[in-house]
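Ligands are counted one by one from 1 in listed order, and the atoms in each one are counted from 1 as well. Quick note: numbers below take in every heavy atom, side chains included, and nothing from hydrogens, waters or symmetry partners. Since this is a predicted model, take the numbers as computed values, not measurements.
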Amino acid sequence: MGEMETMVPDALNEARSYGAEDIQVLEGLEAVKKRPAMYIGSTGSRGLHHLVFEVVDNSIDEVLAGGCRNILVAIRKDNSITVEDDGRGIPVAVKEEYGKPALELVMTTLHAGGKFGGKGYKVSGGLHGVGVSVVNALSQWLSVDVKRNGQMYHMRFENGDTVEPLAVTGSTEKTGTTVSFLPSSEIFEETEFHFDILSQRLRELAFLNKGLFISLTDERTGKEHKYQYDGGIVQFVEHLNQNKNVLHEKPIYFLRMKNDTTVEIAVQYNDGYLENIFSFANNINTQEGGVHLTGFKGAITRIINSQARKRGLLKENESNLSGEDVREGLTSVISVKLPEPQFEGQTKTKLGNTEVKGIVESVVDEGLSTFFEENPAVVKAVIEKCLTASRAREAARKAREMVRRKGALEGSALPGKLADCSERDPTKCEIYIVEGDSAGGSAKQGRDRHFQAILPIRGKILNVEKARLDKILGNEEIRTMVTAIGTGVGEDLDLRKLRYHRIFIMSDADVDGAHIRTLLLTFFYRYMTILVDKGHIYIAQPPLYHAKNGKKEQYLYKDEELDAFRAQVGEDNLNVQRYKGLGEMDPQQLWDTTMNPEIRVVRKVTLEDAVEADQMFTVLMGDKVEPRKLFIQTYAREVKNLDI
Ligand code: 0RA
């Protein structure tokens with residue numbers, strides 16, 4: 001970097017067309033430091049990663065505004081982050097009313113009015129869009145370098161306060177912004193960044209912004225991922241379907257602009273049973289859906305029905321295919337971009353702009369009708385599939401009905417294998433679903449029977465992705481589990497009947513255990529989604545090791561913890577026991593390490609990783625044999641109980 005100068009005359013001459021005057025200054029950063037969770041959701045791992053996404057979202061705004069083509073993200077050795085983009089650069093001109101450069105205002109004040117004052121696209125959904133100043137407020141230090149107006153500028157902050165004022169550091173023909181920051185360890189409980197969390201969202205952003213190059217480098221490990229998809233969401237859909245048998249080779253794709261709104265949709269059917277639709281508005285995953293999703297669903301149902309009638313595949317006396325029939329085996333990505341998105345709903349991830357519904361409807365109507373007229377073979381395959389779905393749904397309804405009737409017949413009879421707890425208030429109750437009878441026995445003896453129930457299940461449970469709901473409910477292990485949980489399943493699920501607010505999956509720390517966990521998670525994710533969504537599903541984490549050195553002994557849950565213990569006590573007289581299965585622990589040990597709420601380490605399962613999860617489930621359990629074989633060859637040495 002060049003020599004520092006204290007004067008910044010060129011900043012004052014910055015072209016007026018740029019946004020310095022558009023920034024609305026409202027309040028300082030004290031509020032953010034006082035109540036960080038209000039601005040970034042949490043001060044745990046999620047909030048920590050959110051800081052990176054906040055900066056990246058600003059770079060993405062530059063992509064939407066045109067011009068920015070590259071975003072480079074790095075995790076440094078000290079767990080600080082650098083985000084570099086080649087956007088327009090944050091404006092630096094001094095803003096008269098405040099006597100401060102725009103850059104400093106952007107970094108040290110909250111802008112409730114949004115930085116574009118209505119011009120251009122902006123991201124303001126959910127937790128995103130709170131502004132980079134929030135990142136600054138919550139960072140021990142933050143430095144920013146801007147390339148703009150032929151100059152390079154630099155500023156540095158500590159805990160949100162300016163420590164190095166704006167200075168010119170050199171000249172350049174380029175434009176862009178580089179932000180580096182170290183999250184404050186006084187604010188965050190967790191300060192270690194996870195490569196996978198960052199890479200997942202960055203890849204999604206690359207899919208959603210055709211041609212954009214994004215890289216993620218982890219300097220702690222040397223790992224690097226690069227994403228660039230010239231096919232955009234078409235490649236996103238291909239990626240989601242990559243291990244499935246597709247009904248048509250290329251995803252159907254349309255892109256239309258109406259007024260200021262861009263609608264982009266990619267659709268591809270596979271021969272599976274699951275609906276997999278991801279919707280986005282201004283790159284934000286609208287998990288609660290909204291007008292764009294409603295418009296899409298309505299239009300596709302209408303078109304497929306009208307095509308089915310037109311081709312005589314649906315007779316006059318037959319009733320219409322339902323939306324669910326039409327969406328079975330459908331993988332789709334819907335991405336809309338609009339100037340003033342309104343985000344509603346509990347998590348502010350539901351798009352509310354009413355005019356968008358009609359726009360999406362007409363785009364889908366037009367696009368799909370044309371495609372189907374030109375591809376009669378595809379439309380026939382799709383309709384056949386929908387008709388089969390319709391018949392199967394009827395069979396599933398009967399199966400669910402049977403489960404319900406059986407339950408009613410047996411009164412409130414709970415499964416014989418369930419060791420229930422005595423507490424009756426579901427919010428206080430927990431259930432451990434334990435793999436294997438012997439571990440189940442230890443868990444029964446070790447538990448606190450007041451609020452902890454144990455349900456042992458045998459290792460081999462049905463592959464839930466390969467089967468339809470009627471067959472799945474025919475599986476005894478699954479039925480037992482559903483009965484114990486109490487809510488019912490699928491469309492009939494009634495959350496008010498939930499018997500335990502914390503449902504733990506407890507399996508061995510080996511490959512087999514991992515597979516069973518995956519199977520159970522697949523089931524919950526697919527058929528009891530709301531339990532995952534509302535945070536009722538947990539993964540119990542038994543220790544991997546017990547290490548002892550003379551008087552000092554400890555349970556260790558991660559390899560790193562073992563390394564740390566080794567470093568602490570030295571190698572002499574060190575005795576390390578590696579637990580392969582839960583069965584190796586006696587009831588007391590199981591309580592002490594895994595079940596005692598005061599000590600245990602648990603992981604709450606979230607829906608966030610839906611894309612990744614679906615991918616994993618598919619690789620493991622989908623129809624194509626190759627990827628599954630590969631997975632098992634790579635990870636499994638001792639798969640014994642898996643029904644795949
Ligand atoms: C304020 C106004 C403008 C851009 C930005 C901030 C901006 C922020 C970040 C954070 C990371 N990269 C960024 N790039 C830009 C508008 C700029 C204009 O109108 O020229």
- prompt: Does any donor atom in the side chain of His194 or Ser45 lie under 3.5 Å from an acceptor atom in the other side chain?
  reply: no
Inset, instruction - Ignoring hydrogens and angles, state whether a donor on the side chain of Lys258 or Ser362 is under 3.5 Å from an acceptor on the partner side chain. - result: yes
Sorted by chain and residue number, the ring-ring contact (aromatic ring centres under 6.0 Å, His included) partners of Phe193 (sequence neighbours excluded) come out as His49
Residues at least two apart in sequence or cross-chain that pass ring-ring contact (aromatic ring centres under 6.0 Å, His included) with Tyr253, listed by chain then number, are none
Once you restrict to heavy atoms under 4.0 Å, what part of [X] touches ligand 1? Side chain, backbone, both or neither.
X: Arg148; value: side chain
X: Ala102; value: neither
X: Asp85; value: side chain

With heavy atoms of [X] as the reference, note each atom of ligand 1 found under 4.0 Å away.
X: Asn58; result: 8 (C), 9 (C), 10 (C), 11 (C)
X: Arg88; result: 16 (C), 17 (C), 18 (C), 19 (O), 20 (O)
X: Thr177; result: 11 (C), 12 (N), 13 (C), 14 (N)
X: Ser59; result: 11 (C), 12 (N)

Notebook entry, point to check: Does even one non-hydrogen atom of Pro91 get within less than 4.0 Å of ligand 1?
Noted result: yes
- request: Check the angle between the aromatic planes of Phe371 and His248 and answer parallel, tilted or perpendicular using the 30° and 60° thresholds.
  value: tilted
Exactly one of Phe278, Phe236, Tyr227 clears ring-ring contact (aromatic ring centres under 6.0 Å, His included) with Phe207, and that residue is Phe236
